[in-house]
Amino acid sequence: MSVNAINQDELQREVPKRETLARLYRYMFRYKKTLAAVLALVTVTLAVSLATPLLIEKAVDGYVAEGNEKGLLALGTAGFVLFLIFMAGTRGRMLLMEKVTNRVLLTIRQELYIHIQSLDFHFFDSRPTGKILARVVGDVNSLKEMYSDSVTKLLPDLLTVIGVAVIMLVKNWRLALAALLTVPFLAGGMMMIQGRAHRLWQIHRKKNSNLNAFIHENFSGIRIVQSFAAEPETSGEFQACNEAYRASFIEAVRIADLFSGLVEITWGAGGFLLYYIGIRVIGAEQIGVGTFMAFSTYLAMFWSPVRNLASFYNKIITNLSAAERIFDILDTPPEIGDQEAAYPLPEVKGEVQFSHVSFAYTDEPDRMVLEDVSFRVNPGETIALVGPTGAGKTTIVNLISRFYDITSGEIRIDGHEIRQVTLDSLRRQMGIMTQDTFLFTGTVRENICYGRPDASEEEMVEAAKAVNAHDFIMKLENGYETQVSERGGQLSIGQRQLLAFARTMVSDPKVLILDEATSSIDTHTEIMVQKGIQKLLENRTSFVIAHRLSTIRGADRIFYIDKKGIQESGSHQELMEKKGAYYRLYQKQYEQ
């Protein structure tokens with residue numbers, strides 16, 4: 001199975017930039033009414049800003065030259081009113097756009113989270129959790145400024161540039177051309193820079209993902225790090241990841257900063273050409289002082305938004321790699337999903353049948369884990385799966401739950417082919433316990449009722465009592481309301497597994513899977529919990545995987561799994577009398 005290591009950059013599908021941008025903005029266009037209000041405010045503020053230089057020209061060439069104080073006062077009053085309108089419009093459009101941006105980010109993050117939950121085990125097996133977190137949190141957050149600036153800054157700046165250019169051309173086309181002569185050089189330079197900048201930001205995102213993965217994994221395994229006194233080694237690895245992250249950022253920023261330098265150079269050259277051509281070529285006597293002042297203002301009004309547009313373009317190049325990483329996951333189809341004609345699985349009795357089942361992992365299709373496996377389990381029967389590590393015991397129970405899909409053959413529950421029923425209806429009738437007992441942050445009550453939040457108080461307590469968890473729960477500081485940290489750190493391993501038993505019990509599954517569920521329980525706790533396990537197994541079809549053979553002697557049948565299939569099958573007594581592989585395993589485990 002191909003696995004993406006912590007320090008290994010993730011592979012991504014290459015998608016055209018235009019396609020990614022169009023997809024990003026489709027989210028924003030869902031809020032058309034709000035965007036229309038923002039655009040109306042943008043139009044008002046733009047009209048005010050474009051009118052301001054004309055007021056200056058009128059004041060200088062008209063009222064100042066004529067000594068018209070009343071005209072100047074009226075013009076000043078009008079200018080002040082326009083300023084207030086401009087400020088109110090700017091503030092309003094920013095607030096509205098912030099609301100749209102936050103809603104869009106919420107939608108993208110929600111879609112991403114829901115989609116990731118639908119992905120199969122192979123997706124999670126093949127990459128560190130920290131790299132997934134980097135996309136859900138960091139990559140989505142990086143889109144915020146790009147969205148909010150799209151309407152509040154990009155559109156006004158773009159319209160300002162167009163409006164200013166038109167006004168300048170109308171007033172004096174020769175001065176306008178002089179001022180705008182450097183624009184083509186700016187456009188050409190930006191096109192040369194953007195390709196390199198985009199690739200560098202892609203690399204930086206991947207290094208950030210590697211860093212997140214390293215931090216998450218090491219803090220999750222902090223007990224192992226400290227128990228082996230491996231802090232110096234992990235610190236060295238962290239420094240290497242951090243240095244790669246820093247170096248990628250510096251290299252990307254170094255290229256991205258060329259955008260602003262290019263704008264400043266062309267701006268300065270444009271200003272020089274304006275005055276040089278205006279004074280030396282056209283002649284200062286043919287141009288009024290007010291016109292020169294208006295053009296100077298318009299020149300600043302033209303190049304300032306051009307600088308903003310270049311900055312925004314740089315921002316797009318910077319964050320486009322984040323959008324590509326988000327859509328890369330959203331476009332990853334789940335290998336396990338509902339077929340078009342899938343129907344809800346009705347309440348089952350628990351008959352399970354494998355018919356010529358073969359299975360190989362997607363990444364290694366030529367290496368069969370199971371080959372031509374067939375068996376039938378009656379409702380209420382307990383099947384124990386034993387055998388060497390890696391023989392396929394866990395694979396069998398994972399196939400029943402459709403955590404992976406079989407390569408060939410059929411698996412049926414009560415006659416229903418499991419690929420033809422909905423995943424939700426299938427898994428809701430199953431109880432699955434593994435040796436890795438995971439508890440969620442919350443109360444003991446919330447953890448027990450996790451699979452069935454509507455369970456009553458009586459049902460919850462009855463489930464806890466059935467597996468002998470009630471007594472130790474009542475000894476906790478707040479009983480069932482005691483707060484449990486992630487993975488239940490303040491509880492013993494045995495206590496965590498007892499809570500997991502109670503959680504499974506309260507969900508009342510029809511098919512029960514115990515995968516090494518008692519492997520971490522000490523002998524004293526095991527004796528205490530065996531009655532609870534027997535209660536859990538009553539009237540349920542159960543598959544029990546256990547290396548501790550004493551826990552499965554009472555199973556109705558024992559399957560010895562090895563060499564891609566079932567090598568032996570029978571009760572404990574039958575297999576002991578046969579003196580085959582199970583007998584040798586049993587003797588080896590209990591020999592003194």
Side-chain angles (χ1 to χ4, degrees), residues 350 380-386 397 429-556 558 572 589:
E381 194 173 8
T382 298
I383 303 297
L385 304 177
V386 301
V397 295
Q429 300 198 56
M430 293 191 171
I432 303 169
M433 280 196 59
T434 67
Q435 56 187 319
D436 182 20
T437 304
F438 193 96
L439 298 179
F440 294 91
T441 301
T443 64
V444 170
R445 176 191 305 278
E446 290 168 342
N447 272 279
I448 293 178
C449 298
Y450 181 79
R452 194 179 154 208
D454 60 343
S456 66
E457 179 80 11
E458 293 74 17
E459 290 172 322
M460 178 192 65
V461 173
E462 183 181 344
K465 287 181 176 179
V467 296
N468 291 325
H470 178 74
D471 290 343
F472 96 80
I473 291 173
M474 295 309 295
K475 292 178 182 178
L476 297 175
E477 183 179 1
N478 296 308
Y480 285 89
E481 301 304 324
T482 301
Q483 286 289 325
V484 178
S485 63
E486 182 182 352
R487 295 184 178 273
Q490 73 270 44
L491 302 176
S492 69
I493 294 176
Q495 288 174 329
R496 294 202 296 269
Q497 289 198 315
L498 288 174
L499 287 185
F501 280 132
R503 178 170 60 194
T504 303
M505 189 72 172
V506 82
S507 66
D508 192 24
K510 298 298 183 286
V511 178
L512 180 66
I513 294 171
L514 304 179
D515 186 355
E516 296 289 347
T518 60
S519 63
S520 300
I521 297 180
D522 57 61
T523 304
H524 174 73
T525 306
E526 181 185 347
I527 294 172
M528 180 182 68
V529 84
Q530 278 303 316
K531 292 182 179 179
I533 293 177
Q534 292 306 314
K535 182 71 174 177
L536 201 60
L537 298 178
E538 285 180 9
N539 302 317
R540 293 183 175 89
T541 302
S542 305
F543 293 84
V544 181
I545 299 175
H547 285 141
R548 195 180 298 175
L549 300 184
S550 62
T551 63
I552 48 95
R553 291 182 60 176
D556 296 306
I558 299 171
H572 170 74
Q589 188 168 118

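Residue numbers start at 1 and run along the sequence shown.
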Measure the spacing between [atom1] of [X] and [atom2] of [Y] and express it to the nearest 0.5 Å.
X    : Y    : atom1 : atom2 : value
D515 : I432 : CG    : CD1   : 9.5 Å
L385 : I545 : CG    : CD1   : 5.0 Å
I473 : N478 : CD1   : CG    : 13.0 Å
T441 : N447 : OG1   : CG    : 8.5 Å
L439 : Q495 : CG    : CD    : 10.5 Å

Residue list, side-chain hydrogen bond (donor to acceptor under 3.5 Å, both in side chains) with E381, at least two apart or on another chain: R557

Where the side chain of T443 meets the backbone of T482, is there a donor-acceptor pair that is under 3.5 Å apart? no

Is R496 reaching over with its side chain to a backbone N or O of L491, donor-acceptor style, under 3.5 angstrom? yes

Can you name the closest pair of heavy atoms from A455 and C449 and give their distance? CB-SG, 4.2 Å

Applying ring-ring contact (aromatic ring centres under 6.0 Å, His included), which residue pairs with at least one partner in residues 455-477 are found, sequence neighbours left out? H470-Y480

Provide the full list of salt bridge (charged side-chain N to carboxylate O under 4.0 Å, His left out) pairs with a residue in residues 439-453, sequence neighbours left out, each pair given once. R445-E457, R445-E481, R452-D454, R452-E459

Which pairs would a plain distance check flag for residues 504-514, meaning a side-chain donor or acceptor within less than 3.5 Å of a matching protein atom at least two apart in sequence or in another chain?
unit_1	atom_1	unit_2	atom_2	d
T504	OG1	A500	O	3.1
S507	OG	T504	O	2.7
D508	OD1	R540	NH2	2.8

